[in-house]
Structure formats: structure tokens, C-alpha cells
Amino acid sequence: MRKQIAAANWKMNLTFQQGEKLLDDILEANITLASHQYAIFAVPYPHLLMTRSEVDNARNYHVAAQNCYDKKSGAFTGEVSAEMIHSIGVPYCVIGHSERREYFNETNSQLSEKLNLCLENFICPIFCCGEPLSVREAGTQNEFVATQLKESLFHLSPEKIKEIVIAYEPIWAIGTGKTATTEQAQEIHAYLRYVLADQYGADIANQISILYGGSVKANNAKELFSSPDVDGGLVGGASLVASDFIEIIKALK
Ligand code: PGA
């Protein structure tokens with residue numbers, strides 16, 4: 001079975017102490033993950049090492065960075081490189097979240113550079129895509145997300161593309177309480193897999209986990225994750241409440 005992943009995206013929330021307490025509360029629930037199930041915590045940079053040591057002894061629990069810069073190193077004050085993230089043993093990094101695209105003007109081509117740097121540094125990128133409301137209303141979401149994939153991912157070799165995780169996050173569903181219906185999520189996830197299959201073949205496309213993000217909650221996770229092409233979720237708001245995220249981890253196939 002493909003990797004099924006519950007990924008928490010804390011965004012710019014929680015002090016170090018609050019983050020530590022949240023992780024303690026979640027880990028105390030002692031949820032045993034099957035070999036294909038993963039719980040990943042994408043936390044702010046100052047929390048990475050603490051999170052890594054919190055999850056170190058829990059099987060299939062991992063830590064992720066929320067971003068990295070698109071250059072190797074140098075005079076870029078305030079930025080953090082993929083190599084630095086790797087050097088503290090962090091195995092995942094979120095790339096191209098819609099908030100980065102919107103507020104920091106990250107483009108598809110810049111994101112392709114970030115992906116390259118992550119892969120060169122043995123970091124698994126969680127690549128985000130998804131359309132704004134205007135595109136959904138115009139009914140052109142398939143073309144929109146296909147372009148995001150083509151421009152950021154399709155330079156990768158078949159061996160490399162297999163190493164990434166994709167998160168489909170419709171922007172109109174992020175932080176709004178509006179969730180895509182299970183049918184809408186399944187439909188576009190299947191389409192993304194079709195686009196991947198068209199480029200890399202069905203065998204490879206079937207190995208790539210595609211997470212859904214956008215108002216995933218304790219009470220809708222099970223239904224969303226039950227769709228055949230939805231391999232878990234990238235969760236913002238509900239990942240900040242231990243009892244909610246515990247339920248979301250338990251909802252994994
Ligand atoms: P949300 O955020 O769950 O609060 O909608 C999801 C995300 O932005 O990754």
C-alpha cells in the first residue's frame with residue numbers, strides 16, 4: 001500500500017514550550033502506526049530539533065521543516081538552506097504551500113529549485129498544489145494544478161519523482177472551514193495521478209502519496225481519507241489541538 005500520511009502544519013503558531021506540550025500530549029496517546037502509516041509534524045525552524053528528539057523513539061513519527069530557500073548557501077540573511085535542514089536530521093520539508101506562493105510570491109520555477117535542493121540533501125519534499133476560488137468557479141482547476149505539477153516537478157527523473165509526496169490543497173478550503181467534498185477531493189486526486197501517469201507511467205504514479213489539505217478536521221478525516229486516491233492529509237488548524245490530531249492520525253487507512 002502507498003504511504004498514508006497525517007501531516008501537521010503548525011504554520012507560525014505555538015511557542016517552543018507550547019509545541020513541546022502538544023507533542024507530549026499526542027505521543028502519550030501511543031497510537032501504533034502500521035508500516036505504511038506516518039505522522040509528520042511540520043514545525044517552525046526553532047522547534048525542529050526538539051520535535052525530532054520527541055518523535056525519535058516513536059515508529060513512523062517524523063519531523064518536517066515548513067520551507068527552505070531556493071539557493072544552496074550564501075548572503076541571504078534570514079533564509080535557511082536544505083543542507084542545514086538535512087544537517088540536523090530532518091527528513092521532510094513542505095514546499096510551495098499556498099501561503100508561501102501568495103505572501104512570498106513563490107513561483108513554480110523557484111519551487112522546482114527548492115525541490116532539487118531537498119532531493120540533493122536527502123529530504124523528502126511535500127509539494128503543495130491547489131487552485132484559488134476563482135479558478136474553481138471557472139471550472140479550470142484541473143488545468144491549473146496540472147500546470148503547477150508540470151512546471152515544478154516534471155524535470156525530475158522517474159527515480160526522483162517517486163521520492164516526493166504531493167499535497168493537494170484547494171486555497172478556498174484552507175483555514176476557511178469549507179472542505180472539499182469527498183467526491184471533489186477524489187476527483188482531483190485521481191486527475192493528479194492521471195497527469196503523473198501520463199508523464200511517468202502508471203506504476204510510478206501509483207507509488208506517489210497524494211495528501212488532501214484544507215479544513216481537515218477530526219470529524220471529516222475518516223471520510224476524506226477513505227477515498228482510493230486520498231492518501232491522508234496536510235492539516236493546519238486541527239493539528240494544533242492534541243485530541244483532534246490524534247483522531248486524524250487514527251483516521252488513516
Ligand atoms: P487548515 O490548513 O487545515 O487550517 O485548513 C491546511 C494547510 O494550510 O495546510
Side-chain angles (χ1 to χ4, degrees), residues 3-14 18-19 22-23 26 38-45 47-48 51 62-68 90 92-106 111 114-115 118 124-133 135-136 141 144-145 148-149 152 164-182 184-186 188-189 192 209-227 230-252:
K3 274 187 186 178
Q4 304 291 305
I5 301 171
N9 178 10
W10 289 3
K11 309 191 180 187
M12 197 177 74
N13 292 297
L14 307 177
Q18 290 166 337
L22 176 59
L23 287 167
I26 293 170
Y38 292 79
I40 299 175
F41 297 89
V43 304
Y45 294 130
H47 306 8
L48 284 171
T51 304
H62 290 290
V63 56
Q66 296 178 3
N67 180 37
C68 68
V90 171
Y92 289 89
C93 184
V94 177
I95 295 292
H97 189 279
S98 63
E99 287 149 18
R100 304 281 330 160
R101 294 174 185 263
E102 186 179 348
Y103 306 134
F104 303 94
N105 303 315
E106 295 189 357
L111 298 176
K114 294 191 181 200
L115 285 160
C118 281
C124 169
I126 302 174
F127 175 77
C128 302
C129 61
E131 80 287 353
L133 184 61
V135 168
R136 174 59 68 160
Q141 63 274 8
F144 188 90
V145 291
Q148 289 181 318
L149 257 54
S152 295
I164 74 159
V165 170
I166 293 175
Y168 166 70
E169 299 203 301
I171 297 170
W172 46 271
I174 295 179
T176 58
K178 266 192 220 165
T179 317
T181 63
T182 312
Q184 282 173 325
Q186 168 55 27
I188 198 150
H189 280 230
L192 289 167
S209 299
I210 307 179
L211 317 184
Y212 168 80
S215 299
V216 174
K217 305 286 177 209
N219 61 10
N220 62 18
K222 188 118 201 150
E223 192 184 332
L224 282 162
F225 299 173
S226 68
S227 297
V230 177
D231 304 312
L234 180 56
V235 187
S239 75
L240 301 173
V241 179
S243 56
D244 287 358
F245 197 61
I246 286 169
E247 287 311 307
I248 293 168
I249 298 173
K250 287 182 181 165
L252 288 174

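All residue numbers in this chain count up from 1 along the given sequence. One-based numbering, in listed order, for ligands and for the atoms of each.
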4.5 Å side-chain heavy-atom contact, Val63 and Ile40: no
Qualifying side-chain hydrogen bond (donor to acceptor under 3.5 Å, both in side chains) pairs, either residue in residues 231-247, two or more places apart: Arg2-Asp231, Gln4-Asp231, Arg193-Asp231
For Gly213 against Val216, the heavy-atom pair lying closest together: CA-CG2, 4.4 Å
Spatial distance of atom CG (Leu192) from atom CD (Gln148) [nearest 0.5 Å]: 9.0 Å
Protein residues that have a heavy atom under 4.0 Å from any atom of ligand 1, sorted by chain and number: Asn9, Lys11, His97, Glu169, Ala173, Ile174, Gly175, Gly214, Ser215, Leu234, Val235, Gly236, Gly237
Aromatic centroids of His62 and Phe41 separated by under 6.0 Å: no
Pair Glu106 + Arg101, salt bridge at N-O below 4.0 Å: no
